[in-house]
Every structure is written in structure tokens, then in C-alpha cells.
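See structure below.
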Amino acid sequence: MATDKVAYWTDIANEDLGVAEDLFKAKRWLYVAFMCHQVIEKTLKAYWNAMREDEPPYVHNHRRLAEGAGLYNQMNDTQRRFLGLINNMNIEARYPEYKTGIARSLNEQTCRNIIDETKRMQQWILQKCSQETKP
């Protein structure tokens, strides 16, 4: 049932958000950003399951997920910019030079902003999810 899948993705996205907050307290900036990337990815997959009959693709690209679910065109410019920013925080399989470059761009204030913007984006997606139904 699609609602089970929506709940699954939403639950693990919420867990990841809690982990991001814990990592923030530990000053682990790179991993704060990565967990926020995960929150948005999983929330987009929840939206996908709410809107479509098929499974979301096994990708980590936020724009592709948002476009495929029909959400990207509903985003404003600020949301699209954030989506691009947070998409770049996928460090899971990146080379050390890439991780080092990202890590240099992150600090306490940047990560606080990323967490706050992640929360806003997540809430917006979930609100859209509850307002809309599958065609």
C-alpha cells in the first residue's frame, strides 16, 4: 500500500533529521550536510510514492526525483537553489578531494542554515503530499 511506503520514507527521513541535529551538536559539519541530503532524498521518495504508482528510482539526485514526481515545477527559485545545494552534499561515494572541498565550505552557521532550510523543505514537501493524491 502506498501509504505504508510514504510512512516508511517519512519515518526514516525524520530519523535522519534527528541524526543531523546530533551531528550538529558534535560539530561534524560534513556529516550534518550529508544527513540533510538524506532527509530531502527520502522525503522526495515519500512524495513520489504518494503521487505515483511506480517505485522511485534508485538515484540520489534530488532534481531528478522532484521532476519525476511532478514537484520541481511547483518549487520557487529559493527552493530550487536549495535543492541544488543540498544535492551536492551527497558524500557517500565521493573521492576524498571532493569531501575535503565540501568540508571546507561548511561551518556552524552554514550547517545551522542547512538544517533549518532542510526542515522547511521537508515540511513543504510533506504538506504538498497531504494535499495531493495520485491521479
Side-chain angles (χ1 to χ4, degrees):
M1 180 176 208
T3 55
D4 291 341
K5 292 178 183 179
V6 171
Y8 167 79
W9 287 115
T10 301
D11 288 348
I12 59 174
N14 289 334
E15 287 179 29
D16 288 350
L17 188 56
V19 171
E21 290 284 8
D22 291 341
L23 290 166
F24 182 83
K25 291 174 192 167
K27 301 179 188 282
R28 302 292 306 273
W29 311 134
L30 184 62
Y31 296 97
V32 168
F34 174 67
M35 292 313 296
C36 287
H37 172 279
Q38 292 294 294
V39 171
I40 298 303
E41 178 182 327
K42 291 167 185 172
T43 305
L44 286 168
K45 288 180 178 180
Y47 184 85
W48 183 292
N49 275 281
M51 297 301 116
R52 296 180 53 144
E53 295 294 329
D54 59 334
E55 291 293 319
Y58 292 101
V59 298
H60 306 292
N61 185 299
H62 294 83
R63 182 172 177 161
R64 183 169 167 205
L65 289 167
E67 285 176 343
L71 190 60
Y72 190 77
N73 289 335
Q74 299 178 53
M75 293 179 176
N76 63 38
D77 289 340
T78 301
Q79 290 169 320
R80 288 178 182 172
R81 276 192 300 277
F82 179 70
L83 200 68
L85 168 81
I86 202 66
N87 191 64
N88 291 329
M89 300 302 159
N90 181 15
I91 59 164
E92 192 170 38
R94 302 289 184 157
Y95 288 102
E97 309 85 50
Y98 185 84
K99 287 182 183 181
T100 301
I102 290 176
R104 285 189 192 122
S105 71
L106 300 171
N107 58 43
E108 183 172 4
Q109 186 58 53
T110 304
C111 285
R112 183 75 262 156
N113 292 341
I114 288 172
I115 290 172
D116 293 345
E117 194 60 37
T118 295
K119 289 177 181 179
R120 281 191 286 278
M121 176 73 81
Q122 182 189 34
Q123 288 307 308
W124 180 81
I125 295 168
L126 293 175
Q127 182 180 33
K128 291 294 223 180
C129 193
S130 68
Q131 292 172 350
E132 301 174 19
T133 57
K134 288 181 185 172

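Position 1 is the first residue of the sequence, and the numbers go up from there.
Side-chain contact between L17 and M35 is absent, with no heavy-atom pair separated by less than 4.5 Å. In this structure the side chain of L106 never reaches within 4.5 angstrom of the side chain of V32, judged on heavy atoms.
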Worksheet item: Hey, mind stepping through R28 and F34 against side-chain contact (heavy atoms from CB on, under 4.5 Å) and telling me if it holds?
Response: CA-CA 10 Å; R28 302 292 306 273; F34 174 67; over 6 Å; no
Discussion item. Go through it in stages, so that I can follow the logic: the residues are N113 and T110, the test is side chain to side chain donor-acceptor pair (under 3.5 Å), and I'd like the CA-CA distance, side-chain angles, deciding distance and then a yes or no.
Written reply: CA-CA 5 Å; N113 292 341; T110 304; 5.8 Å; no
Worksheet entry | Working for side-chain contact (heavy atoms from CB on, under 4.5 Å), residues W48 and L71 | CA-CA 9 Å; W48 183 292; L71 190 60; over 6 Å; no
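A distance of 4.5 Å separates CD1 in I86 from OG1 in T118, rounded to the nearest 0.5 Å. For the atom pair CD1 of I40 and CZ of F82, the computed distance is 5.5 Å after rounding to the nearest 0.5 Å. Here the OH-CD1 distance, from Y47 to I125, works out to 9.0 Å after rounding to the nearest 0.5 Å. Atoms CD and CG, on E41 and L83 in that order, are 11.0 Å from each other to the nearest 0.5 Å. The CD atom of Q79 sits 10.5 Å away from atom OH of Y72, with the distance rounded to the nearest 0.5 Å. For the atom pair NZ (K128) and OG1 (T43), the distance works out to 15.5 Å, reported to the nearest 0.5 Å.
In summary, E15 and K42 do not engage in a salt bridge, as defined by a charged side-chain N under 4.0 Å from a carboxylate O. By the 4.0 Å N-to-carboxylate-O rule, R112 lies too far from E108 to be salt-bridged with it.
Looking at every heavy atom in both residues, R80 comes nearest to N73 through NH2-CA, 3.3 Å. Nearest approach of C129 to V6, heavy atoms of both residues: SG-CG1, 4.2 Å. Residues N49 and K5 approach most closely at OD1-CD, 3.2 Å, considering heavy atoms. Looking at every heavy atom in both residues, K99 comes nearest to L30 through O-CD1, 4.0 Å. Nearest heavy-atom pair across R64 and P57 is NH2-CB, 4.1 Å. Closest heavy-atom contact between N14 and Q122: OD1-NE2, 3.0 Å.
Here the side chain of W29 pairs no donor or acceptor atom with the backbone of S105 at under 3.5 angstrom. Side-chain atoms of E21 never come within 3.5 Å of backbone atoms of G18 as a donor-acceptor pair (strictly under, hydrogens ignored). Between the side chain of R52 and the main chain of G68, a donor-acceptor pair closer than 3.5 Å is present. Of the possible polar contacts, none joining the H62 side chain to the L85 backbone as a donor-acceptor pair under 3.5 Å is found.
In this structure, M121 is a member of the same hydrophobic cluster as V19, with clusters built from ILVMFWY side-chain heavy atoms closer than 4.5 Å. Under a hydrophobic clustering in which Ile, Leu, Val, Met, Phe, Trp and Tyr are joined whenever their side-chain heavy atoms come within less than 4.5 Å, directly or via other members, L126 and M51 fall into different clusters.
R120 pairs by the salt bridge (Lys or Arg N to Asp or Glu O under 4.0 Å) definition with E117, not counting sequence neighbours.
Y8 forms part of a hydrophobic cluster together with W9, I12, judged by ILVMFWY side-chain heavy-atom separations under 4.5 Å.
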